[in-house]
**Student:** 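Please see the structure below; I have some questions.
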Amino acid sequence: MNKYDFSSIERKWQKYWDENKTFSATNDYTKPKFYALVEFPYPSGQGLHIGHPRPYTAMDIVSRKRRMEGYNVLFPMGWDAFGLPTENYAIKNKIHPAIVTENNIKRFKEQLKALGLSFDWDREIDTTDPEYFKWTQWIFLQMFKKDLAYKKEMAVNWCTSCKVVLANEEVVGGVCERCGGEVVRKVKSQWMLKITEYAQRLLDDLSEVDYLEKIKATQTNWIGRSTGAEVDFITTTGDVLKIYTTRPDTLFGATYMVISPEHPLIEKWADKLSNIDEIRDYQEKAAHKSDFERTEMAKEKTGVELKGVKAVNPVNNMAIPIFISDYVLMSYGTGAIMAVPAHDTRDYDFAKAFNLPIVEVVKGGNIEVEAFTDCETGVMVNSGFLNGLSVEEAQEKIKKWLEENNKGVRKVNYKLRDWVFSRQRYWGEPIPIVHCEKCGYVALPESELPLKLPEVESYMPTDNGESPLSTLESFINTTCPACGGPAKRETDTMPQWAGSSWYYLRYCDPHNKEALASKEALNYWMPVDWYNGGMEHTTLHLLYSRFWHKFLYDIDVTSQKEPYMKRTSHGMILGEDGQKMSKSRGNVINPDDVIKVYGADTLRLYEMFIGDFEKTAPWSTSSIKGCKRFLDRVWALQDCLIDGDDYREELRTNFHKAIKKVSEDIESLKFNTAIATMMALVNDIYVVGTINKKEYRDLLIMLNPFAPHITEELYEIVGYDGVLNQQSWVKYDEAFCVDDTVEIVIQINGKVKDRIMVNKDLNQDEVLEVAKKAPKIAEALDGKSIIKQIYVPNKLVNFVAR
RNA sequence: GCCGAUGUGAUGGAAUUGGCAGACGUGCUGGACUCAAAAUCCAGUGGUAGCGAUACCGUGCCGGUUCGACCCCGGCCAUCGGCACCA
C-alpha cells in the first residue's frame with residue numbers, strides 16, 4: 001500500500017475534473033434537471049473564511065449525489081463583487097477597485113478549487129462585469145417604466161461612518177449592519193423601489209415554497225401585515241385627521257389623539273396654535289434624534305399638546321385634545337393615532353405621564369394597574385351600540401358602521417417599507433437615468449447599456465452626502481434621450497443587493513448577449529430546486545430577490561412565481577473558544593492551513609461532521625483528527641481487499657442499513673449522522689477483517705460526495721471500470737435492512753430487566769412466551785400477577801405486574 | 001414586550017413514530033508495539049455504592065398524561081438569534 005498522500009491526490013483529481021469539465025451542466029433539456037444553489041460570496045481581501053466551506057460542501061454533497069442519480073445538475077458559482085470593503089481598500093491603497101476585485105476573485109477561486117467543490121466553472125459570473133450589470137441596469141429600467149422605481153425626497157438612514165444611505169433592512173439594532181457605525185436620519189432625494197406593492201404576494205406565496213419555518217416566520221414578521229380601519233376625525237378647524245387603528249372596537253375609549261412631529265397638518269394650523277414655539281421646539285428635537293436615540297429613549301413618553309385645536313370622536317362627538325409625540329411615526333399608517341389608554345400600553349404610559357382620562361371600554365382587566373390589551377376574553381362596555389359584544393364582534397360591527405356612515409374604511413397595513421435603492425458610492429452599478437430640466441427623470445435607452453463606471457481620480461465618499469461620481473463633469477453632463485437638450489446623469493449607484501437579486505437567473509444562460517437569459521434556458525432550469533444560505537439574508541437578499549423575481553414574472557421574463565423551491569440555512573462556525581472568529585480575538589482558523597495539514601477531504605468531512613448543520617458549532621482542532629483517522633482507515637482497507645461481487649452474509653444488513661441511512665440523511669441535511677453511519681460501517685468491516693470488491697466499491701460511492709478525492713483515487717487504485725463520479729448512486733433493499741435475529745428489550749413495569757435475541761417477525765404470543773421464560777424475568781415475575789403485557793414488534797416487551 | 005430557537009456525559013453531538021438514553025467522534029485511563037516518542041492497534045469510560053453479579057440515580061427546574069416520556073401537556077428558569085413606541 002502506498003501512502004495516503006492527500007496533497008498530490010487532491011491536486012491530481014482537481015486537475016482531472018477541470019480538464020474533463022466533469023461537472024459542467026449540459027444543455028440537454030431532455031434530461032431531468034436539478035438546480036442547486038449556494039449564495040455567491042463577496043470576494044473580500046481576507047480570502048476564504050473557514051465558515052464558507054460549510055454550506056458549499058453541503059450543497060456539493062447533494063449535487064454529487066444527484067449526478068449519480070442521473071440528474072443534469074446545475075451547481076454554479078460566481079462573485080457578488082460590488083461593495084464597500086473593496087472600495088475602501090482601493091482608496092487606502094490607491095488601486096482601482098476593479099483590480100482589487102480581480103485579485104480577490106483569483107484568490108477565492110483558487111481556494112474554492114482546493115476544496116474540490118463540483119462547481120460548473122464555465123458558468124462563473126461576476127456582478128461587476130459590464131456584461132453582467134448591463135442586465136441589472138436593464139431590470140432597473142423595466143421597473144422604472146412600470147413606476148416601481150421612483151425618486152423621492154425623504155428622511156433616510158444615513159451611516160455617518162460609511163457616509164452612505166442604508167435600506168431599512170441594513171440598519172440592525174439602530175446601527176449600520178456592516179460597520180456598526182451610528183445611523184442618523186437625513187433628508188435626501190433617493191431612488192426607491194416599490195417593494196410594498198408586492199407585500200401581499202410576498203406573503204401569500206410563502207405557502208407555495210418549502211422554506212424552513214423560521215425563515216417564513218422572519219419574512220412574515222418583517223412584512224408585518226395588520227388589519228384594521230382608517231377612521232376620520234374631524235377637527236375644530238374643519239380638517240379631516242385620518243388615523244389608522246387595528247382596534248376600531250375601542251373607539252369609544254379614545255380620549256385624545258397623537259400625531260407625528262412631522263405631520264403636515266401642524267404647519268396648516270400654525271397660526272391657530274397658542275403654543276407654536278413649544279411645538280416647533282419639540283419638532284426640532286425629534287428631527288435631530290437618530291433612530292438609535294429614538295429607540296433608546298423609548299421608555300419615557302414625551303410630547304406637546306396642540307393648544308387651539310381639538311378633534312371630534314366620530315362615535316360619540318366628544319371633543320378631545322391632540323398631542324404631538326415622537327412615538328408616532330410618520331412612516332407608518334397615517335402618521336396619526338387615536339389614543340385609547342385603557343387598552344394600549346403606550347397610550348397608557350402617555351396618559352399617565354400627561355394625566356389624561358383613561359376610559360375602560362373592554363371589561364376583563366384592571367385598568368387601574370395597566371392597560372388591558374387582550375382581544376380574546378374581553379366584553380365591550382361604555383361603548384354605546386357595541387356594549388355587550390365580544391372584541392371580535394365589536395370589530396366587525398364598528399367597521400360596518402364606519403363604512404355605512406362614511407366615517408372610515410377597512411384597511412390593511414404593512415410594516416414593510418419601500419426599498420431605498422441609491423448609494424453615494426463609486427463601486428456599484430450606475431443608475432441608468434438622466435435628469436433633464438424639461439423632461440424630468442428619463443431612462444437611458446436600452447441600446448446604451450451597460451452604462452459603465454467612468455475612471456475617476458478619487459473614489460472617496462464625500463462629506464456632503466454626494467456620490468464620488470458627482471464631481472466628474474464629463475460623466476454628469478449628457479444629453480436628454482427624450483428631447484436632446486442638456487441633462488445630468490444620476491450619480492448615485494445601486495446598493496450591493498442589486499446584482500444578487502437576479503444572479504440565479506444568469507447562471508441558466510450566462511453568456512447570452514441578447515437577453516439576461518434565454519426563455520428556453522430559464523424554462524428548463526428554473527426554479528432553483530434547493531437554495532442554501534445564511535439566516536442573515538432572510539429579510540435582505542432573500543426578500544429582495546423574491547421581489548425582483550415576481551416583477552420579472554409579471555413582465556414575462558420568467559415563468560415561475562417564486563425563484564426558490566426550497567431554502568435551508570446553515571449555522572456559523574465559531575472559534576475554538578466558542579466566540580465568533582475575529583482577528584482581534586485571535587481565534588481565526590484559516591482553511592488553507594487546515595488543507596495543508598489534513599487535506600481538503602478531511603476538512604470537508606469535518607465541517608459536515610462538526611454538528612447539526614443548522615446550528616452554530618465551535619471549531620475543534622483535536623476533533624478534526626477523528627475525520628482524518630477515518631479516511632486513513634478507509635485508505636488502509638485496500639490491503640484487506642478480497643474478490644467478490646455481492647455483499648457477504650456478515651455485512652449484508654450493515655450495508656443496506658448504511659446506504660439507506662446515508663441516502664436519507666443527505667436529503668435532510670443530517671450530514672453528521674450520515675458520516676457517523678459510515679464510520680460505524682467501517683468499524684464493522686474491520687471486525688470482519690476483510691472487504692470484498694463489491695463492498696469496497698459501494699463504500700467508495702457512498703463516501704464520494706463527502707470526500708471526493710480519496711474515493712476517486714481508491715476507485716482507480718482498485719481498478720474498477722471508469723471513474724467513480726460517473727457511477728450510479730448505491731441502492732438498498734428494505735427487506736435487508738433488518739437483521740434476521742433481533743434483540744428484544746424486556747421491561748417489567750417500564751424498567752429494562754433483560755434482553756433476548758429472537759428471530760425477526762416472530763408473532764406476539766411466541767415472543768411473550770420466550771420473554772417470560774428468560775431467567776431474570778421469570779425470577780422477577782415469580783409471585784406476581786401480570787396485569788397487562790405490551791408488545792412492540794421487533795423491539796420491546798413490557799410486563800405490568802403487581 | 002413580541003416572534004423563533006435551544007438546554008442531554010469531561011467535550012462536539014446521537015436517539016426514526018412515545019419504546020434499550022449517550023450512536024459516531026474527541027478527550028481521558030489502562031494495555032500492546034517501541035530504546036523512547038509519535039503514529040497505529042486492543043480494552044475501558046454518565047454518576048453513586050459494591051470485589052462482584054447487581055442496585056439506585058440520571059436528558060435545565062416543578063408538576064401532569066401514559067404500561068412506558070429527552071420526546072406529549074401545563075407552569076417556571078436560563079441561554080442564543082431576530083424584531084421592537086408599527087397604533
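Protein chains get the first letters and strands the later ones, always in sequence-line order, with residue 1 at the start of each. What you are looking at is a predicted structure, and each value in this text was computed from that prediction instead of being measured.
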**Student:** Flag the pair A:F609 / A:F630 as yes when their ring centroid distance falls below 6.0 Å, and as no otherwise.
**Tutor:** no
**Student:** Would you mind telling me which of A:D601, A:I685, A:V682 makes a side-chain contact (heavy atoms from CB on, under 4.5 Å) with A:V634?
**Tutor:** A:V682
**Student:** Taking atom C1' in both B:rG44 and B:rU26, compute the distance separating them and give it to the nearest angstrom.
**Tutor:**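 Comparing C1' positions in B:rG44 and B:rU26 gives a spacing of 16 Å.
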**Student:** Determine, for A:K242 against A:D232, whether the closest basic-nitrogen to carboxylate-oxygen distance falls under 4.0 angstrom.
**Tutor:**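 Judged by the 4.0 Å cut-off on N to carboxylate O distance, A:K242 and A:D232 do form a salt bridge.
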**Student:** Dump the intermediate steps for side-chain hydrogen bond (donor to acceptor under 3.5 Å, both in side chains) on A:N413 and A:S226, then the final yes or no.
**Tutor:** CA-CA 5 Å; A:N413 254 322; A:S226 73; 5.5 Å; no
**Student:** Taking the chi torsion of B:rG9, is it syn (within 90° of 0) or anti (everything else)?
**Tutor:** syn
**Student:** In this structure, how many angstroms lie between the C1' atom of B:rC67 and the CG atom of A:N749, rounded?
**Tutor:** 8 Å
**Student:** Determine whether A:R247 and A:V340 make a side-chain contact, defined as any pair of heavy atoms from C-beta on separated by less than 4.5 Å.
**Tutor:** no
**Student:** Could you measure between the two C1' atoms, the one in B:rG25 and the one in B:rG9, and give it in whole Å?
**Tutor:**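 Between the two C1' atoms, the distance is 14 Å.
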**Student:** Determine whether a donor-acceptor pair (N or O, by modelled atom type, separation under 3.5 Å) exists between the side chain of A:S582 and the backbone of A:R585.
**Tutor:** yes
**Student:** For a quick test of reading the model: is some side-chain N or O of A:T616 closer than 4.0 Å to OP1 or OP2 of B:rG81?
**Tutor:**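 For A:T616, the contact criterion (side-chain N or O under 4.0 Å from OP1 or OP2 of B:rG81) is not met.
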**Student:** Could you work out the separation of B:rG18 and B:rA87 based on their C1' atoms and round it to a whole Å?
**Tutor:**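 Each nucleotide's C1' atom is 45 Å from the other's.
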**Student:** Can any side-chain N or O of A:R604 pair as donor or acceptor with the backbone N or O of A:T57 at less than 3.5 Å?
**Tutor:** no
**Student:** Base, sugar-phosphate or nothing for A:K628? Non-hydrogen atoms, less than 4.0 Å.
**Tutor:**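 Result for A:K628 = nothing.
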**Student:** Is a side-chain N or O of A:Q579 found less than 3.5 angstrom from the main chain of A:L574, in a donor-acceptor match?
**Tutor:** no
**Student:** From the list B:rC20, B:rA14, B:rG19, which nucleotide is the closest neighbour of the side chain of A:R755?
**Tutor:**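 Selected nucleotide: B:rC20.
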**Student:** Quick check: A:H656 with A:Y732 (ring centres under 6.0 Å apart)?
**Tutor:** no
**Student:** Please write out the pairs of protein N or O atoms and N or O atoms of nucleotides 24-28 of chain B separated by less than 3.5 Å, giving the distance to one decimal.
**Tutor:**
unit_1, atom_1, unit_2, atom_2, d
B:rG25, OP1, A:N683, ND2, 3.3
B:rU26, OP1, A:R629, NH1, 2.6
B:rU26, O2', A:S622, OG, 2.9

**Student:** NA contact type, A:V745, heavy-atom cut-off 4.0 Å: base, sugar-phosphate, or nothing?
**Tutor:**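 Result for A:V745 = base.
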**Student:** Measuring only the C1' atom in each nucleotide, how far is B:rU40 from B:rU48? A whole number of Å is fine.
**Tutor:**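 The answer is 36 Å between these two C1' atoms.
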**Student:** Do the side-chain N and O atoms of A:Y414 and A:Q200 include a donor-acceptor pair separated by under 3.5 angstrom?
**Tutor:**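 Yes - a donor-acceptor pair under 3.5 Å links their side chains.
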**Student:** Between A:K214 and B:rA5, does any side-chain N or O lie under 4.0 Å from OP1 or OP2?
**Tutor:**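 For A:K214, the contact criterion (side-chain N or O under 4.0 Å from OP1 or OP2 of B:rA5) is not met.
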**Student:** Indicate whether OP1 or OP2 belonging to B:rA15 is found under 4.0 Å from a side-chain N or O atom of A:K795.
**Tutor:** no
**Student:** If you find the nucleotide of RNA chain B closest to A:G611 and the one closest to A:Q747, which residue's nucleotide is nearer the 5' end?
**Tutor:** A:G611
**Student:** Tell me whether A:Y606 contacts the main-chain N or O of A:S620 through its side chain, where contact means a donor paired with an acceptor under 3.5 Å.
**Tutor:**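 A pair under 3.5 Å: yes.
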**Student:** Indicate, with a heavy-atom threshold strictly under 4.0 Å, whether A:E743 touches base, sugar-phosphate, or nothing.
**Tutor:** base
**Student:** Can a salt bridge be assigned to the pair A:E39 and A:R567 using a cut-off of 4.0 Å between side-chain N and carboxylate O?
**Tutor:** yes
**Student:** Please tell me if A:Y332 has a side-chain N or O lying less than 4.0 Å from either OP1 or OP2 of B:rA87.
**Tutor:**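 For B:rA87, OP1 or OP2 has a side-chain N or O of A:Y332 closer than 4.0 Å.
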**Student:** Taking Watson-Crick and G-U wobble pairs with both distances under 3.5 Å, convert RNA chain B into its dot-bracket string, 5' to 3', dots for unpaired and | for cross-strand pairs.
**Tutor:** (((((((..(((......[....)))((((((.......))))))((((....))))..(((((..]....))))))))))))....
**Student:** Across the strands shown, which category fits A:T539 at heavy-atom distances under 4.0 angstrom: base, sugar-phosphate, nothing?
**Tutor:** nothing
**Student:** Of the nucleotides B:rA15, B:rG19, B:rA55, which has the atom closest to the A:N798 side chain?
**Tutor:** B:rG19
**Student:** For B:rA14, does either OP1 or OP2 sit under 4.0 Å from a side-chain N or O belonging to A:N672?
**Tutor:** yes
**Student:** Between B:rA78 and B:rG22, how far apart are the C1' atoms? Round to whole Å, please.
**Tutor:**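 Looking at atom C1' only, B:rG22 and B:rA78 are 23 Å apart.
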**Student:** Are A:F350 and A:F323 close enough that their ring centers fall under 6.0 Å?
**Tutor:**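 Ring centroids of A:F350 and A:F323 are less than 6.0 Å from each other.
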**Student:** Starting at CZ of A:R225 and ending at P of B:rC2, how long is that distance when rounded to a whole Å?
**Tutor:** 22 Å
**Student:** Hey, what are the protein-to-nucleotides 72-80 of chain B N/O distances that come in under 3.5 Å?
**Tutor:**
none

**Student:** To the side chain of A:W222, which of B:rC85, B:rA84, B:rC20 is closest?
**Tutor:** B:rA84
**Student:** Measure from NZ or CZ of A:K301 to the centre of the six-membered ring of A:Y327, then state whether that distance is under 6.0 Å and the direction lies within 45° of the axis.
**Tutor:** yes
**Student:** Could you tell me how far apart A:K615 (NZ) and B:rG7 (P) are, to the nearest whole angstrom?
**Tutor:**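 Nearest whole value for this atom pair: 5 Å.
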**Student:** Choose from B:rA87, B:rA14, B:rG4 the nucleotide whose nearest atom is closest to any side-chain atom of A:A217.
**Tutor:** B:rG4
**Student:** Could you work out the separation of B:rC28 and B:rU34 based on their P atoms and round it to a whole Å?
**Tutor:**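 Straight-line distance between the two P atoms is 24 Å.
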**Student:** Looking at every strand, decide which applies to A:I610 at a 4.0 Å heavy-atom threshold: base, sugar-phosphate, or nothing.
**Tutor:**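 Sugar-phosphate: the residue A:I610, judged by heavy atoms under 4.0 Å, touches backbone atoms but no base.
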**Student:** Taking the P atom of each, how far is B:rU45 from B:rG52, in whole Å?
**Tutor:**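 Result for the P pair: 13 Å, nearest Å.
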**Student:** Would you kindly give the CD-to-P distance between A:E536 and B:rG4, to the nearest whole Å?
**Tutor:** 21 Å
**Student:** Of all the nucleotides listed (B:rC20, B:rG82, B:rC3), which has the minimum atom distance to the side chain of A:T218?
**Tutor:**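 The answer is B:rG82.
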**Student:** Taking the P atom of each, how far is B:rA23 from B:rA14, in whole Å?
**Tutor:**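 That atom pair is separated by 13 Å.
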**Student:** Nearest 0.5 Å please: distance from the CG atom of A:D249 over to the CD atom of A:Q395.
**Tutor:**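 Result: 4.5 Å between the selected atoms.
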**Student:** Nearest to the side chain of A:T673 - B:rA15, B:rA87, B:rG19?
**Tutor:**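 The nucleotide sitting nearest to the side chain is B:rA15.
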**Student:** With a non-hydrogen cut-off below 4.0 angstrom, is A:D612 in contact with a base, only sugar-phosphate, or nothing?
**Tutor:**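 If one applies the 4.0 Å heavy-atom cut-off, A:D612 turns out to touch the sugar-phosphate alone, with no base involved.
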**Student:** Have a look at A:E664 and say if it touches a base, only the backbone sugar-phosphate, or nothing, with a 4.0 Å heavy-atom cut-off.
**Tutor:** nothing
